[in-house]
Student: 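Below is a structure I'd like to ask you about.
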2 protein chains.
Amino acid sequence: MSRAHRTGNSPPTTIRDVARSARVSTATVSRVLAGLSVVSKPLSKRVHAAARTLNYQPNRIARSLRARTTRIAGVLIPNIQNPFFPGVIRGIQDVLQAADYTVLLGNSDYDPARERKYLDLLRAEGVGGLVLVPDAASKKAYREFLALGLPMVTVDQCVPDLAVDSVTVTNAEGAALVVRHLLAVGHRRIAIVTGPKDAFTATERLAGYRAALTEARQPRDPSLIAHVPFRPEGGYEAAGRLLSLPAPPSAIFATGDGLALGVLRAVHERGLHIPRDVAVVSFDDLPWAAALQPPLTTISQPTYELGATAARLLLERIRDPARPVQRVRLQTRLEVRLSCGAQGRGAMKTNTAARVDD
Amino acid sequence: MSRAHRTGNSPPTTIRDVARSARVSTATVSRVLAGLSVVSKPLSKRVHAAARTLNYQPNRIARSLRARTTRIAGVLIPNIQNPFFPGVIRGIQDVLQAADYTVLLGNSDYDPARERKYLDLLRAEGVGGLVLVPDAASKKAYREFLALGLPMVTVDQCVPDLAVDSVTVTNAEGAALVVRHLLAVGHRRIAIVTGPKDAFTATERLAGYRAALTEARQPRDPSLIAHVPFRPEGGYEAAGRLLSLPAPPSAIFATGDGLALGVLRAVHERGLHIPRDVAVVSFDDLPWAAALQPPLTTISQPTYELGATAARLLLERIRDPARPVQRVRLQTRLEVRLSCGAQGRGAMKTNTAARVDD
DNA sequence: TTGTACGCGTTATCAA
DNA sequence: TTGATAACGCGTACAA
């Protein structure tokens, strides 16, 4: 009696309720609903009917306990507030949800300790797999996770000598595209503001920058290369230094839109005009890049696809843990707008934009 | 033998392993680790030692099955890609994680069907509570969730006649701040671009706009009010219409930075100068607002605190399901920058900025 | 204070 | 083909 009117919520229907209602055993109900085993037509019908009328939903927790794994996938991101990630998360989620997986999201905040803690938590929650934007610092933790036999996929960044599926973009090629375009438009002193030396994307983009310069037989001035944290403040500080150089650059390539925000601030504070006094180009193409004045020329990344692909890789690995490691590269694309000076440098106008677009 | 070298991963240690190692019963282990019941010193010590050396982590799934609830909290957001939400999520996550809760994140995409599905899923995963950015469309689904006795908190938006804890900001007051400032700076034809009529924040901000106009005894021109979807395209379209008016506004108040992005594009496309030809003010103060040229004057919202407060309310409600409903309002703040024409309108310069800042 | 034993809701094994 | 029953790992009556 006291149970009956508890808080007004009736206890959820279990497999036993369905079994009783259909006058079969719980085993039969399970078999019918799993659809694997063969059950006779009449019983099957009765079970389905009972399940429907009782609005039976299998208890995922009990199922997990039994199966020793859940249909939950962990997603571990260094910083949700970086506007690059939401698109990725979205892609991951859409694909996983379609496969009846739920997403458990974590934020490591670029802190190895926090990351570690989250990894443990995910394990404890019994996740069936993990999509991860790795941080160079915690290779050991990843190894442990992998050693447990848990499926794992890396997005955006790679952990060099870890045999794990990964999805990244063509960082070097994208950076080279930028530099080639800048050269074509007439720039000669091109600076690069990139992330920490141990960050995979920072390194690759820097490599692309160098390659493009070499390929054009341009000198490489080390003072035009800045390594800073991947945040607006980093870009601000780096741009400040670069613009104070005796021979300042005529173009600054920020390898991320966050960085570019800081670069822009430094440029504006000095009253410099973009692109007349200095061109600014970036990497990411976040939604606001086109709204800036002048609109920002950037490398566009397929964030959604990055996530969706990672999720697909994860599902495949869950299905077949023994399959060979896959390393997928997604294409980047140069979005030529005005901040690079494509149309603003008088005699130097070129049709690079058209050339690049195709 | 075949089990022994499975995939190289030893089976996780259970409470039984600890019990055996400490030469006590599983019940004692459970009691010691829960710390509720009283256990004698020596046994307690042995248990702790055993647990530590075996690196025992209680299985959360088994625990959930037993407790009929999990230490997972659901978070349901209409759209992660809206840069307003990551800050909120971050706040939620920090607080919940500190309380040993994990966050299960969902994206409804403003689609009631998807939202519905996610709500069901969260229930199936046995979440212990829910933090929700509600969508007017699915009031019924929320009611059901609540009827199940599941703790729930609403952020950013309110569901008017639903008795549920909520955290929102002072939308009307913020909007009024904007309008008063624009009036003080000399604007008379002030347009507002806001969200759909059934969106709580859109309505409140519109109310603030109206109130400020009335309070200053200014006429209200209905053609200066635009309701559009809360996305850049909406802002673009609305601004286009407004600027084509026979008597166009001298200032446009976009009630969200996403909207402002579209407004800005429309203004730029017409070759209009901000703030000389038209002022633009916004709501949210996303990280890039200050990097625009001119820097965007906006109402700043405490996104992180919004999330953190919601999480705290949720924890409190979980602890005490019977406590009275709490509706918390967080303060907004006007960030006066240049897009409003505070310093750009010659004779109309005022010291509003200083007045507002304190 | 400690231990035994049951049940949470499933699925899988074994007999019938 | 179907049903009884034993796990999965934990917490907690209840008994000792």
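Note that these values count all heavy atoms, side chains included, but never hydrogens, waters or copies made by symmetry. Chain naming here is simple, since letters A, B, ... match the order of the sequence lines and numbering starts at 1 in each.
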Student: For B/Arg31 and for B/Tyr56, find the nucleotide of DNA chain D with the closest heavy atom, then tell me which residue's nucleotide is more 5'.
Tutor: B/Tyr56

Student: Measure the distance from CZ on B/Arg71 to P on D/dG11 and round it to the nearest whole Å.
Tutor: 12 Å

Student: Which value, rounded to the nearest 0.5 Å, describes the distance between B/Thr70 atom OG1 and B/Leu122 atom CG?
Tutor: 9.5 Å

Student: Take atom CZ of A/Arg20 and atom C1' of C/dG9, then tell me their distance rounded to the nearest Å.
Tutor: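 Going from CZ in A/Arg20 over to C1' in C/dG9 covers 13 Å.
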
Student: D/dC8 C1' sits how many Å from B/Arg16 CZ, rounded?
Tutor: 9 Å

Student: If you round to the nearest 0.5 Å, how far is CD1 of A/Ile89 from CD1 of B/Ile77?
Tutor: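 Separation between the atoms: 11.0 Å.
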
Student: Can you tell which of C/dT2, C/dC8, C/dT10 lies closest to the side chain of B/Thr28?
Tutor: C/dT2

Student: Select from B/Ala27 and B/Arg66 the residue whose nearest nucleotide in DNA chain C is closer to the 5' end of that strand.
Tutor: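 Closest to the 5' end, via its nearest nucleotide, is B/Ala27.
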
Student: Does C/dG3 have OP1 or OP2 sitting under 4.0 Å from an N or O in the side chain of B/Thr26?
Tutor: no

Student: Could you tell me how far apart B/Ile61 (CD1) and C/dT11 (P) are, to the nearest whole angstrom?
Tutor: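 In whole Å, C/dT11 P and B/Ile61 CD1 are 14 Å from each other.
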
Student: Expressed in angstrom and rounded to an integer, what is the separation of B/Arg23 atom CZ from C/dG3 atom P?
Tutor: 11 Å

Student: Consider the side chain of A/Ser25, meaning its heavy atoms from C-beta on, and name the nucleotide among C/dT4, D/dA4, C/dT2 that approaches it most closely.
Tutor: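 Side chain of A/Ser25 sits closest to D/dA4.
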
Student: Touch check for B/Ser30, heavy atoms < 4.0 angstrom, all strands: base, sugar-phosphate only, or nothing?
Tutor: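 Base contact.
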
Student: Does B/Asp17 use its side chain to pair, donor to acceptor, with the backbone of B/Thr14 at less than 3.5 Å?
Tutor: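 Yes, because the side chain of B/Asp17 sits within donor-acceptor range (under 3.5 Å) of the backbone of B/Thr14.
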
Student: Donor-acceptor pair, distance only, cut-off 3.5 Å: does the side chain of B/Arg46 make one with the backbone of B/Arg23?
Tutor: yes

Student: Heavy-atom nearest nucleotide on DNA chain C for B/Lys41 versus A/Leu65: which residue maps closer to 5'?
Tutor: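 In this pair, the answer is B/Lys41.
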
Student: From CZ of A/Arg46 over to P of D/dG3, roughly how many Å is that when rounded to an integer?
Tutor: 8 Å

Student: Are more than 12 heavy atoms from other residues, nucleotides or ligands located less than 6.0 Å from atom NZ of A/Lys45?
Tutor: no

Student: Counting only side-chain nitrogens and oxygens, does A/Arg60 get under 4.0 Å of the OP1 or OP2 atom of C/dT10?
Tutor: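 No.
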
Student: Please report, rounded to the nearest Å, how far the P atom of D/dA4 is from the CD1 atom of A/Ile15.
Tutor: 14 Å

Student: Name the nucleic acid region contacted by A/Leu43, choosing base, sugar-phosphate or nothing; use a 4.0 angstrom heavy-atom cut-off, strictly under.
Tutor: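 Sugar-phosphate, no base atom in range.
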
Student: How long is the line joining CZ of A/Arg68 and P of C/dT10, in whole Å?
Tutor: 19 Å

